[in-house]
Visitor: 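One structure is given below, represented as structure tokens, and several questions about it will come after.
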Amino acid sequence: MTKILTFLFLLFLIFGCKKYDNSNNNIDEMHLQSNKKAEDMPKFAIVIHGGAGTILKENMTDSLELAYKNTLQEAVKTGHEILKRGGSALEAVTKTINIMEDSPLFNAGKGAVFTHEETNELDASIMDGATLNAGAVAGVTHIKNPINLAYEVMVNSDHVILAGKGAEEFAQLSGFELVDPSYFYTENRFQSLQKIKDKEKTQLDHDGKTAYTDSFIKNSKFGTVGCVALDKNGNLAAGTSTGGMTNKRWNRIGDAPIIGAGTYANNATCGVSSTGWGEYFIRAMVAHDISAMMEYKDITLQEAAYEVIQKKVPALGGDGGIVAIDKEGNIAMEFNTAGMYRAYINTEGELFIGIYKD
Ligand code: ASP
């Protein structure tokens, strides 16, 4: 009897363990399958900025902070939905930027800063990482959504940058509706200009020479908007739109419409949109430099962004930041100012919204 019981017990052990082993294998297999599925799924991601600068918590009211966060969220989600349904990175970039251009909170479209002459001159650019095609407009005064005109220049002209009246003639021929410049008026931005002008006057009274450069630099608020997207086809696109810097004059053009400075996209490396003190971003060719460092030095997007924003730009005396995505969907948001309005939805579908440094 004991022998029979021992035999049965052994049988149970052998078959029981085997069954257990099998089920474990099944779990491993399932794991492999689901990993494979996740790997096979085309990656897509989006990142935006709404300008970098002296953005401090102590200068912000709760309601204003909420308004910024809500608009950043609306913008980034709009682009993400486009990517999710298989739309192109270019479409995601333009539609996302349109939301920020239409908001008076940001220095682009409605909400653009004022020039010294109390007008609003808008700059924008867009680049397609798949073809290295690009389009830009500079100093336009009647275009509600300059990023759309930059896109039109890219796809329906032989040129890369169109400026001023000529750009608006092209817009009209392309069926764009021109808006009255009063559309861009916001009391807040107008008062910022008046404050700078008052300081200029005080400095002039004090030392008798022009204080233009000093006041332009120290008091100009940033607030440009930008977006970079990676779509399900592996295409990267980047775009940037701005009113430039408060109190600018002489048809000053910043980095935003300069391909390689304010905007760059290349499927082989990354897409980048910049914000900050444009003159330095042009001299450092910020957006292209990040891409070039990845290509030639074989470093990561984050390493390249850090090198340019934390070392090269400050070494020249400039400040600002960038948002970027590489061809794998890795996101970088690097800035050397107190804050940068920013948001992303990464390849895992996680949403992030940030304003201050930490
Ligand atoms: N980069 C823009 C310019 O210099 C300003 C900004 O980013 O806010 O025109």
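Residues: numbered from 1 along the sequence shown. As the structure lists them, so they are numbered: ligands from 1, and atoms in each ligand from 1.
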Visitor: With a cut-off of 4.0 Å, which atoms of ligand 1 are near a heavy atom of G223?
Guide: 8 (O)

Visitor: Show the atoms of ligand 1 that are less than 4.0 angstrom away from any heavy atom in G244.
Guide: 5 (C), 9 (O)

Visitor: Does ligand 1 have any atom sitting under 4.0 Å from a heavy atom of G51?
Guide: no

Visitor: Whether K165 and E168 form a salt bridge (side-chain N of Lys/Arg under 4.0 Å from carboxylate O of Asp/Glu) is what I want to check.
Guide: no

Visitor: Would you mind running through ligand 1 and noting each atom that sits below 4.0 Å from a heavy atom of T275?
Guide: 6 (C), 7 (O), 8 (O)

Visitor: Would you indicate which of S273, G276, G321, G278 comes nearest to atom 5 (C) of ligand 1 when only heavy atoms are counted?
Guide: G276

Visitor: Does the distance from a Lys or Arg side-chain N to an Asp or Glu carboxylate O, for K69 and E65, drop under 4.0 Å?
Guide: yes

Visitor: Which pairs count as ring pair (Phe, Tyr, Trp, His ring centres under 6.0 Å) when at least one residue sits in residues 77-101, sequence neighbours excluded?
Guide: F44-H80

Visitor: When E121 is tested against each of N251, T242, V140 for side-chain contact (heavy atoms from CB on, under 4.5 Å), which residue passes?
Guide: N251

Visitor: Looking at K43 and E348, does any basic side-chain N land under 4.0 Å from a carboxylate oxygen?
Guide: no

Visitor: Counting both backbone and side chain atoms, is some N or O of W277 under 3.5 Å from an N or O of ligand 1?
Guide: no

Visitor: Do any nitrogen or oxygen atoms of A256 lie less than 3.5 angstrom from nitrogen or oxygen atoms of ligand 1?
Guide: no

Visitor: Enumerate the atoms of ligand 1 whose separation from the nearest heavy atom of M245 is less than 4.0 angstrom.
Guide: 4 (O)

Visitor: Please work out which of V286, D255, T242 has its closest non-hydrogen atom nearest to atom 3 (C) of ligand 1.
Guide: D255

Visitor: What class does the angle between the rings of Y264 and H288 fall in, given that below 30° is parallel, 30 to 60° is tilted and above 60° is perpendicular?
Guide: perpendicular

Visitor: Output the rest of the hydrophobic cluster of F190: all Ile, Leu, Val, Met, Phe, Trp and Tyr residues reachable through side-chain heavy-atom contacts under 4.5 Å, sorted by chain and number.
Guide: F114, Y185, L193

Visitor: Which is closest to atom 4 (O) of ligand 1 in terms of heavy atoms, M340, R252, E279?
Guide: R252

